[in-house]
Amino acid sequence: MAKKDNHDAYIAAAPAPFRAMLGQLRAQLSRALPDAKEVMKYDMPGFQIEDTIIAGYAAFSKQCGLYVDPGAIAAHADEIAALKLKATKTGVTFSVSNPITGELVEKLAVSSRRKKGL
């Protein structure tokens with residue numbers, strides 16, 4: 001995708017099957033991090049408190065990802081595995097056929113904030 005300068009433009013430019021899911025993810029993160037500012041960093045949408053990115057998300061050709069503090073991933077590894085989602089040190093990937101739950105998004109966002117000391 002070409003570089004976008006805000007969340008709306010990023011979601012609009014994402015592959016069509018992911019747009020609704022990304023919009024929902026954005027809303028879930030916004031609710032979980034009500035005092036965070038929406039930013040674009042590293043060519044992806046994120047939520048920032050003070051100078052720290054708490055959570056970010058991205059769309060790729062076949063999946064989407066939610067990126068948070070490594071401690072948040074570790075703290076919820078069992079739940080991530082139970083949902084059959086793929087996790088890396090800093091992210092969880094998911095697809096339209098196997099989406100991430102709103103409950104897990106909130107847990108990861110709140111945990112990421114806590115791990116970052118905010």
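- Side-chain contact between Y67 and I53: absent, with no pair of heavy atoms (C-beta onward) separated by less than 4.5 Å.
- Distance check: F18 CZ to K62 NZ gives 10.0 Å after rounding to the nearest 0.5 Å.
- With hydrophobic clusters built from ILVMFWY side chains whose heavy atoms lie under 4.5 angstrom apart, L104 shares a cluster with V96.
- Atom CE of residue M40 and atom CD of residue Q48 lie 12.5 Å apart, to the nearest 0.5 angstrom.
- Take Q63 and apply the side chain to side chain contact (heavy atoms under 4.5 Å, CB included) test, not counting sequence neighbours, and it matches F60, T93.
- In this structure, F47 and E38 have side chains that are in contact, with non-hydrogen atoms separated by less than 4.5 Å.
- Closest of all the heavy-atom pairs between M21 and C64 is CE-SG, 3.9 Å.
- Every pair passing salt bridge (charged side-chain N to carboxylate O under 4.0 Å, His left out) that includes a residue from residues 75-98 is listed here, sequence neighbours excluded: E79-K107.
- In this structure, R26 and P45 have side chains that are not in contact, with every pair of non-hydrogen atoms separated by 4.5 Å or more.
- Between A72 and K115, the shortest heavy-atom contact is N-CG, 3.9 Å.
- A continuous path of Ile, Leu, Val, Met, Phe, Trp and Tyr side chains, each step under 4.5 Å between heavy atoms, connects L118 with L66, placing both in one hydrophobic cluster.
- The two residues A12 and R19 have their closest heavy-atom pair at O-NE, 3.2 Å.
- None of L83, L25, V105, T101 except one satisfies the side chain to side chain contact (heavy atoms under 4.5 Å, CB included) rule with F94; the exception is L25.
- In terms of modelled atom types and a separation under 3.5 Å, the side chain of R113 and the main chain of I54 share no donor-acceptor contact.
- I49 and V68 fall within the same hydrophobic cluster, defined by Ile, Leu, Val, Met, Phe, Trp and Tyr side-chain heavy atoms under 4.5 Å apart, directly or through other members.
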Please lay out, stage by stage, how H7 and L29 fare under the test side-chain contact (heavy atoms from CB on, under 4.5 Å). CA-CA 12 Å; H7 288 233; L29 288 169; over 6 Å; no
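- Placement of V110 and V92 in two distinct hydrophobic clusters is found when ILVMFWY residues are connected by side-chain heavy-atom separations under 4.5 Å, directly or transitively.
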